[in-house]
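Have a look at the structure below, then the notes.
FYI, side chains are in, hydrogens and waters are out, and symmetry mates aren't considered; it's all heavy atoms of this structure.
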Amino acid sequence: MKELRKLNRYFLKYKWTLAFGSLLLILANFFLIWIPILIRRTLDEIERVSEARELPYDSVWATLVSEEVGWLLATNFGFLILAALMYGLLLFATRQTLIVTSRKIEFDLRNEIYQHLQKLPQSFFDHNKMGDIYTRTTEDVVRVREYFGPAFMYTINTLSRAGIIIAIMIMVHPGLTFWALLPLPVLAVMAYWVSRFINRRSNEIQQQYALMAGKIQEVYSSIRVIKAFNREKYEKDRFLRENRRYRRKKLRLDLVEALFHPMLMLLIGLSVILVVWQGGIMVMQGMVTVGNIAEFVVYVNYLTWPVASLGYTLNLLQRSAASNARIQKLMNVTTECDNAPERENVRVNEGGGRSGADRTDTAVTSLNPENTDESEYQGMMKTLEYRNVTFTYPGAEVPALHNINLKVRAGERVGIVGRTGSGKTTLVQLLPRIYDPQEGQILIDGTDIRDMELSQLRAIIGFVPQETFLFSDTIGENISFGKENATDEEIRRAADQAEVLENILEFEKKFNTILGERGVTLSGGQKQRTSIARALIRKPSILILDDSLSAVDTNTEDAIVRRLDSDFGRITTFIICHRLSSLKHVDRIYVMDDGRIVENGSHEELIAGNGFFADMYRKQLIEEELQKL
């Protein structure tokens, strides 16, 4: 249960609300206790009147319709209605206080988990299934809420109700109390045993549910591939197997729960039988009254759920502890390092850019591009350098990058080429710190990017990843995702700069056109250009295009490059490209192979060098000529 201690901070946050709810529950039980007391007093008074009038036992009706008893019945009936009404109202107020508070805690906890997930490194998502993460943020949070809601409420209810009832029963007659409570410890032990079994089975069911959720997410995110390869039946059979396992585990749990309730009723009946049996003997001996027997029978029924709920509450606590352990395992994952010193903005010297004329190096500019105008893009930095960078993916044995050294001046356009798996994407992913290198440094004007504020670093980078992802929203919302509170004019302008405006205007709803799952409404080239617009709208000083022009023709590609030159003053650009002829316009090309930079230079220099790049370039020319034939 030590896992639950980490949750107790929420009790402090809502302490007064929880205290007030607990008080309401105690008051509700106080009014509930008055019901059997009124029943006992009514029966005892009827018996007293009957004995005073010396009426035979078969004259019950005459006793009940007498004026004295009739008035007593009417009065006590009114008190019974009042007690029941107050109990109901206070119980409603209790649930509106305690259960609603538990919902607020659930809201807070889910927000914390979501915010934490946003800060986790990419390596976490690489090694954890989406279905498992989804389950921890949904089903596990619901289970943890039960600790603050039902478990807390049942604990207060059990302590207050059982305490009051047992105290009254002992005051009435300790011997009859013993017989009435005799089966209840058996009930508590049985409930605890069943709850342990339920907890174990529930964990198995939760794991199976997470597995199923992951498979469902995987299938529907790749539905087009499944249909294209005609694998619907295969996927259906896979899901059917997992669903059958889930059903089998759930039915085992349902069987135990189905056996528990009849056992519960059996023990309740046993308690009532003992009370009537021993109470009848005591009535004949003059030790208790008939009203006491009726009172005790009601008390036994009142105690049944609190005693049974001891096991149920322990089960809730165990389930909450197990779910919180899963959540804490997630929350204990180290977030992306943000080792920047305490300051509002990380600043670097301006200069080094070129857009026709050289700039002075005297100004100081914030890394946040939203605080600048377009004329300052190229003034964000002087140099960007990879110095002895080596990186190995978590869990891998072979480094993806080996001793990378390169230096880029502000405003330069850099091409990165190489065979598949040579490390091109890994190289650019280190710049916005999607991953951090194990060895070496990445420097902006001599400052390690790990010493910069992570949010400020990423704010100056426009990243168009290799895998184009668009949200199931409007085109306008997808583009404005790159900049908070973007205006319609900014959205339109970014689309124009990415050469996708004309295509968007052809849609009936234009920028309000809803895209399908992952942007299925658009063609491959349109999706890539929409992603580029999303990066350009944030006005980056560093633009990374990770094979983001592969689905557009050369004319459109040249048009995008010209817009970058004219509108952005040649921002620092990294272009990963397999079409080598498209890199003629870049300032420098780095050729990678097996995680190493094997060549670098301009397009002309590399062709003249007759090396690795020249060999790839000639092969591509031959392939293009063969395609024309």
Stepwise side-chain contact (heavy atoms from CB on, under 4.5 Å) check, Tyr147 with Tyr10
CA-CA 11 Å; Tyr147 171 60; Tyr10 289 106; over 6 Å; no

Given Glu385 and Ile442, is the side-chain contact (heavy atoms from CB on, under 4.5 Å) satisfied, shown in steps?
CA-CA 6 Å; Glu385 180 181 2; Ile442 301 175; over 6 Å; no

Just do the side-chain contact (heavy atoms from CB on, under 4.5 Å) check on Phe148 and Leu18 with the steps written out, would you?
CA-CA 9 Å; Phe148 300 100; Leu18 293 171; 5.7 Å; no

Would you sort out whether Arg143 and Ser320 count as a side-chain hydrogen bond (donor to acceptor under 3.5 Å, both in side chains), showing the intermediate values?
CA-CA 5 Å; Arg143 284 188 170 190; Ser320 297; over 6 Å; no

Given the rule in the side-chain contact (heavy atoms from CB on, under 4.5 Å) test, do Glu477 and Phe471 qualify, once you have shown the distances and angles that lead to the verdict?
CA-CA 9 Å; Glu477 288 294 331; Phe471 298 96; over 6 Å; no

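The two residues Ile479 and Ala494 make their nearest non-hydrogen contact at CG2-CB, 4.2 Å. Scanning both residues, Asn403 and Thr390, for their nearest heavy atoms gives N-OG1, 3.0 Å. In terms of heavy-atom proximity, Ser480 sits nearest to Ile537 at CA-CD1, 4.2 Å. Looking at every heavy atom in both residues, Asn405 comes nearest to Asn388 through OD1-N, 2.8 Å. For Thr487 against Glu490, the heavy-atom pair with the smallest separation is N-OE1, 2.9 Å.
When Val464, Thr425, Leu427 are each tested for a side chain to side chain contact (heavy atoms under 4.5 Å, CB included) with Asp546, only one passes: Thr425.
The existence of a salt bridge linking Glu112 and Arg9 is confirmed by a sub-4.0 Å separation between a basic side-chain nitrogen and an acidic carboxylate oxygen. Salt-bridge annotation for Lys104 and Asp108: absent, with no side-chain N of the basic residue lying under 4.0 Å from a carboxylate O of the acidic one. Ion pairing between a basic and an acidic side chain is recognised when a charged N comes within 4.0 Å of a carboxylate O; Arg433 and Asp436 show such pairing. Taking the charged nitrogens against the carboxylate oxygens, Lys236 and Glu232 have no contact shorter than 4.0 Å, which rules out a salt bridge. Glu235 has a carboxylate O that lies under 4.0 Å from a charged side-chain N of Arg238, or vice versa, which qualifies the two as a salt bridge.
Using the six-membered ring where Trp is involved, Tyr209 and Tyr246 have ring planes that are tilted, between 30° and 60° apart.
Remark: Tyr386 OH to Ile597 CD1 distance equals 9.5 Å, nearest 0.5 Å. The distance from atom CD1 of Ile449 to atom CG of Leu384, rounded to the nearest 0.5 Å, is 8.0 Å.
Within the 3.5 Å criterion, the main-chain N or O of Lys483 finds no donor-acceptor partner in the side chain of Arg538. Looking only at distances, no side-chain donor or acceptor of Thr97 sits under 3.5 Å from a matching main-chain atom of Gly21.
Heavy atoms of other residues, nucleotides or ligands lying less than 6.0 angstrom from CZ of Phe20 number 12 at most.
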